[in-house]
Protein chains: 2
Amino acid sequence: MIVSSHPTLEHSHATAGSATQQAYLALRRMIVTGDLKPGEKLKIDVLRKRLDTGASPIREALSLLTSDQLVERFDNRGFRTAATSHANFTEILNLRCVLEDMALRSSIAHATETWEEALVLSHHRLAKQPRTDVEAFETRHKAFHMALLANCDSPMLLRYCGQLYDLNIRYRYLAGRALDYQRRDVTREHAGIMHAAIDRDAELASERLLNHYRQTGAFLSGLFAGGAPGSS
Amino acid sequence: MIVSSHPTLEHSHATAGSATQQAYLALRRMIVTGDLKPGEKLKIDVLRKRLDTGASPIREALSLLTSDQLVERFDNRGFRTAATSHANFTEILNLRCVLEDMALRSSIAHATETWEEALVLSHHRLAKQPRTDVEAFETRHKAFHMALLANCDSPMLLRYCGQLYDLNIRYRYLAGRALDYQRRDVTREHAGIMHAAIDRDAELASERLLNHYRQTGAFLSGLFAGGAPGSS
DNA sequence: TCCGTCACTTTTCTCGATATTTTTAGCCCA
DNA sequence: TGGGCTAAAAATATCGAGAAAAGTGACGGA
């Protein structure tokens with residue numbers, strides 16, 4: 001169901017998979033949710049004990065996380081989580097706006113009934129999910145946003161969007177519940193985007209989507225001035 | 001000097017580095033140049049013997065190559081090189097056009113003398129490099145194109161451009177010397193792009209750059225019809 | 001006081017062996 | 001003949017120990 005940014009993992013909350021896979025998922029979540037802080041050194045041994053697995057799976061998982069730009073690797077000097085900064089946040093926001101705009105328009109251009117129905121479904125699930133369970137909410141939130149783009153004809157573009165989504169969500173976690181959720185009626189915004197998409201109105205849908213992002217973006221960006229998230 | 005698409009490797013033709021690093025570079029080149037064919041199964045043991053190293057470095061190198069979308073990983077089912085297809089080629093071309101357009105404009109907008117000089121230098125090196133040594137030529141060709149974008153203010157965007165460049169060059173290698181170099185005066189095209197950039201004429205530079213890409217693109221695309229490269 | 005050097009500690013990286021999973025091939029039975 | 005089961009083979013994935021590299025801090029000379 002849930003589109004992962006990485007071709008390797010298919011299951012959303014699967015029981016097992018290889019040790020590497022489990023480590024990958026665990027580490028990924030730890031980084032995205034801020035459990036592992038930006039720029040933090042990732043010592044193999046520490047992680048090995050924490051996740052109760054061997055060094056090889058950890059090492060391989062970290063290498064894979066490199067794809068997602070959540071981890072950086074330094075030859076003979078180990079791994080660390082990607083740093084955060086205001087500039088980086090802005091970059092992500094800008095790239096998302098450009099790429100998601102493309103993807104959304106393409107998605108709408110190729111609209112099918114199946115896509116439309118999947119979109120409605122993901123929206124329903126999102127609307128029904130209470131905000132109390134933050135992780136569950138974020139999972140569905142991503143699922144909804146990816147469902148919007150899912151019908152686009154470019155898997156690579158989709159992959160980039162997924163990646164950028166996760167990088168962005170990381171900043172949301174870092175900002176903490178500061179922005180939970182400002183004063184906006186986000187639910188209404190989602191519905192608005194979805195309806196425009198269903199009506200095949202690419203122009204309107206895109207406008208609403210980008211607005212959606214830019215508002216959260218501006219808010220988060222403001223927090224930086226206040227010195228909230230970020231390492232450097 | 002040479003901007004690598006991967007933060008890990010700094011040296012262009014360094015002597016050593018870790019075994020993983022060496023494997024990464026070797027495998028990368030093998031895939032890009034078509035020595036390892038698209039969609040090919042990558043058996044650890046075979047590669048281990050071929051590169052005369054352990055299984056761990058191979059494994060880790062392959063995981064890293066995942067970042068570059070040159071390798072795909074399947075849990076418990078090993079690795080294979082990324083497949084090629086006409087659709088994929090088109091995707092890459094389109095993404096490149098959008099992203100390089102952004103990057104180039106940004107690069108020009110932030111133009112400095114240092115950047116300008118580095119650009120001129122890379123162009124000179126490219127012009128001086130005879131086409132007989134294909135790999136050396138391609139290295140400088142990439143260096144030139146990246147130099148154009150290098151001054152853009154978004155490292156992530158740059159990274160994507162570098163990745164896409166390599167994915168594209170792979171198709172060129174696959175097409176073989178079929179397009180070496182059609183009937184165009186590519187050298188003149190490069191000079192044209194560079195001069196527009198130096199003149200800070202973003203509009204013209206971008207137009208020339210995209211034209212440059214689209215022409216090669218159209219040509220390569222034509223080869224697909226003739227059933228030249230690609231696996232599926 | 002400052003800088004370079006050396007030995008020591010910590011951490012990363014690599015190897016070879018073993019465990020687990022997938023794939024293949026053979027076989028039986030409808 | 002063909003589908004499904006089982007055993008053997010092949011490949012992947014994992015572990016634990018040892019080698020190599022980077023980091024640390026004390027000592028000695030200018």
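Hydrogens, waters and symmetry mates play no part in the numbers below; they use all other heavy atoms, side chains included.
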Query raised in the report: To the nearest Å, how far apart are Phe74(B) CZ and dA11(D) C1'?
Result: 15 Å
Query - Option among Thr66(A), Leu65(A), Asp68(A) that satisfies the side-chain contact (heavy atoms from CB on, under 4.5 Å) test with Ser67(B) - result: Thr66(A)
Query raised in the report: Touch check for Leu42(B), heavy atoms < 4.0 angstrom, all strands: base, sugar-phosphate only, or nothing?
Result: sugar-phosphate
Report task. Name every residue in residues 43-56 of chain A that has at least one heavy atom under 4.0 Å from any atom of DNA chain C, in order of residue number, or write none if there are no such residues. Result -> Lys43(A), Ile44(A)
Query raised in the report: Starting at CD of Glu60(B) and ending at P of dT14(C), how long is that distance when rounded to a whole Å?
Result: 7 Å
Query raised in the report: Strictly under 6.0 Å, is that where the ring centroids of His124(A) and Phe144(A) end up?
Result: no
Query raised in the report: Considering heavy-atom distances to DNA chain D, does Phe79(B) or Arg77(A) have its closest nucleotide positioned more toward the 5' end?
Result: Phe79(B)
Requested in this report: Indicate whether any N or O donor in one side chain lies under 3.5 Å from an N or O acceptor in the other, for Glu40(B) and Thr81(B).
Outcome: no
Query raised in the report: Looking at the side chain of Ser18(B), which of dA21(D), dT23(C), dT14(C) is the nearest nucleotide?
Result: dT14(C)
Report task. Find out whether Ser221(A) and Phe89(A) are in side-chain contact, i.e. whether some heavy atom of one side chain is under 4.5 Å from a heavy atom of the other. Result -> yes
Requested in this report: Would you mind reading off the distance between Leu62(A) atom CG and dT14(D) atom P, rounded to a whole angstrom?
Outcome: 14 Å
Query raised in the report: Once the angle between the rings of His145(B) and His190(B) is folded into 0 to 90°, is it parallel (under 30°), tilted (30 to 60°) or perpendicular (over 60°)?
Result: perpendicular
Query raised in the report: Is any side-chain N or O of Lys41(B) closer than 4.0 Å to OP1 or OP2 of dA11(D)?
Result: no
Query raised in the report: Where do Phe74(A) and Phe79(A) land on the ring pair (Phe, Tyr, Trp, His ring centres under 6.0 Å) test, with the steps shown first?
Result: CA-CA 6 Å; Phe74(A) 304 89; Phe79(A) 301 86; 8.8 Å; no
Query raised in the report: How many Å lie between CD1 on Ile58(A) and P on dT11(C), as a whole number?
Result: 15 Å
Query - Residue closer to the 5' end of DNA chain D, Gly78(B) versus Asn76(A) (nearest nucleotide) - result: Gly78(B)
Requested in this report: Would you check if there is a donor-acceptor pair between the side chains of Arg96(B) and Tyr213(B) at a distance under 3.5 Å?
Outcome: yes
**Report entry** Length of the CG-C1' vector between Asp75(A) and dA20(D), whole Å
**Finding:** 12 Å
Query raised in the report: dT12(D), dT14(D), dT14(C): which one has an atom nearest the side-chain heavy atoms of Thr20(B)?
Result: dT14(C)
**Report entry** Spacing of Arg80(B) atom CZ relative to dT22(C) atom P, expressed in whole Å
**Finding:** 15 Å
